[in-house]
> 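Handing you a structure now.
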2 protein chains.
Amino acid sequence: MNQQDYSRAAGGAAIGARLRRLSENLDADSVRVYAALGISFEQRWFGVLNQLVIKGSATVGELATTLRITHVSVSQTRQSLEKAGMVTSEFDPVDARKKKIMLTAAGKKLVAELQPIWAAFDQAALELNAEAGDVVASLNKLDDALDRQSIFDRIMNCVGKQ
Amino acid sequence: MNQQDYSRAAGGAAIGARLRRLSENLDADSVRVYAALGISFEQRWFGVLNQLVIKGSATVGELATTLRITHVSVSQTRQSLEKAGMVTSEFDPVDARKKKIMLTAAGKKLVAELQPIWAAFDQAALELNAEAGDVVASLNKLDDALDRQSIFDRIMNCVGKQ
DNA sequence: CTAGTATTCGTAGGCGCCTACGCAAATGTC
DNA sequence: GACATTTGCGTAGGCGCCTACGAATACTAG
């Protein structure tokens, strides 16, 4: 057996830990990439920054919905980006509860620097996906399966049947 | 397009976020399961507890290696388990640097209660895996591919080629 | 035996995300 | 117009994991 023994052997209850470890490894390597290229970029910025490039501007709530994370997380990312001078925000004149976020000049410059790196990510992801027998397709199916019935429901059913 | 649009469309740099979200969903549902069944159990205990069942006892370093996490994380989990009265620990008489961890009576009782739930997890995971077109096999291949060449190396290669 | 090195575990603080909760602005109801 | 409800965003604190660093014990040369 190889070094993935534990993850591969420990059964269903360990799958969460396995995915977490995988995502943390990806994040850690991403951080190394940005550091190696001398670009000051935090991993958590990606989603928001990427969306701002696409949409031009967006509110906290819109970003949360699109990125499928909480508005709290978006709010924290906004603060981080704002502190770093990459975005600015202003209250919507029509609805003062909403806060619109947009790129600054520095933010646009950063994004421009990031484009080739993100392209490299895409390329590497395609390679890896091919080597892994289209793991992305499997993840899509997994997401769909979880939409049909949550893990919670599935487990409670199994427990009930015992 | 469905609600996974963003993750599915945002390319390679978002795959980490996607996996993180997936693992967090799994963890969250697991917490709900234990809560619904009235069992006081923390998700991070799983790896250590599971290994102690298998091995009887183990040191911090051994657990870290087997679980493929840092000794720091194991140390923190040990403290949590010890505080909850599920394990005890003692220094190895032969090598006083090592700390041996073992289940208490309460810990063994907890593990006994958990067995049917972990079995349900296994069952649910098998179902899900079947629905997702053997996502576990793909993850195994992905781990193998990353062993061959890290994400970091792959991306730096791509960046260099541009 | 002693000095330097390696091993083992711990604390401090950070990551990106989360839930719980609070506040202010907008909306609906009477 | 007054009041409750809903909506949008924020703070506080927690999750499981991490890196950086430090302390104590064991090992290795000379």
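In what follows, chains carry the letters A, B, and so on, assigned in the order in which the sequence lines appear, proteins first and then strands, with residues in each chain numbered from 1. A quick note: this is a predicted structure, and the numbers were derived from the prediction, not measured.
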> Who pairs with A96(A) by side-chain contact (heavy atoms from CB on, under 4.5 Å), at least two apart in sequence or on another chain?
none
> Go through the structure and list residues passing side chain to side chain donor-acceptor pair (under 3.5 Å) with R78(A), not counting sequence neighbours.
E82(A)
> Provide the full list of ring-ring contact (aromatic ring centres under 6.0 Å, His included) pairs with a residue in residues 53-84 of chain B, sequence neighbours left out, each pair given once.
none
> Below 4.0 Å from chain B heavy atoms, what is the first contacting nucleotide of DNA chain D and what is the last?
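The contacted stretch runs from dG16(D) to dA26(D).
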> Mind jotting down which residue pairs meet the salt bridge (Lys or Arg N to Asp or Glu O under 4.0 Å) criterion with at least one end in residues 38-57 of chain B? Sequence neighbours excluded, please.
E42(B)-R44(B)
> Who are the side chain to side chain donor-acceptor pair (under 3.5 Å) partners of D95(A), not counting sequence neighbours?
R97(A)
> Without decimals, in angstroms, what is the distance between F91(B) CZ and dT7(C) C1'?
14 Å
> At a heavy-atom distance below 4.0 Å, what parts of residues 73-85 of chain B sit against DNA chain D?
S73(B), Q76(B)
> Identify, with sequence neighbours excluded, every residue that meets side-chain contact (heavy atoms from CB on, under 4.5 Å) alongside I69(B).
L67(B), S73(B), V74(B)
> Just call it for V31(B): base, sugar-phosphate, or nothing, with non-hydrogen atoms closer than 4.0 Å on any strand.
nothing
> Check the interface with nucleotides 22-29 of chain C: list each N/O to N/O pair with the protein under 3.5 Å, or write none.
| unit_1 | atom_1 | unit_2 | atom_2 | d |
| --- | --- | --- | --- | --- |
| dA26(C) | OP1 | A96(A) | N | 3.0 |

> Between K98(A) and E90(A), does at least one N-O distance fall below 4.0 Å, as a salt bridge requires?
no
> Residues in side-chain contact (heavy atoms from CB on, under 4.5 Å) with R32(B), at least two apart?
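Residues passing side-chain contact (heavy atoms from CB on, under 4.5 Å) with R32(B): F152(A), D29(B).
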> If you look only at pairs with a residue in residues 120-143 of chain B, which of them pass as a ring-ring contact (aromatic ring centres under 6.0 Å, His included), with sequence neighbours excluded?
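Qualifying pairs: none.
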> Sort and list the pairs that fulfil ring-ring contact (aromatic ring centres under 6.0 Å, His included) and have at least one residue in residues 72-113 of chain B, not counting sequence neighbours.
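Of all non-adjacent pairs touching residues 72-113 of chain B, none passes ring-ring contact (aromatic ring centres under 6.0 Å, His included).
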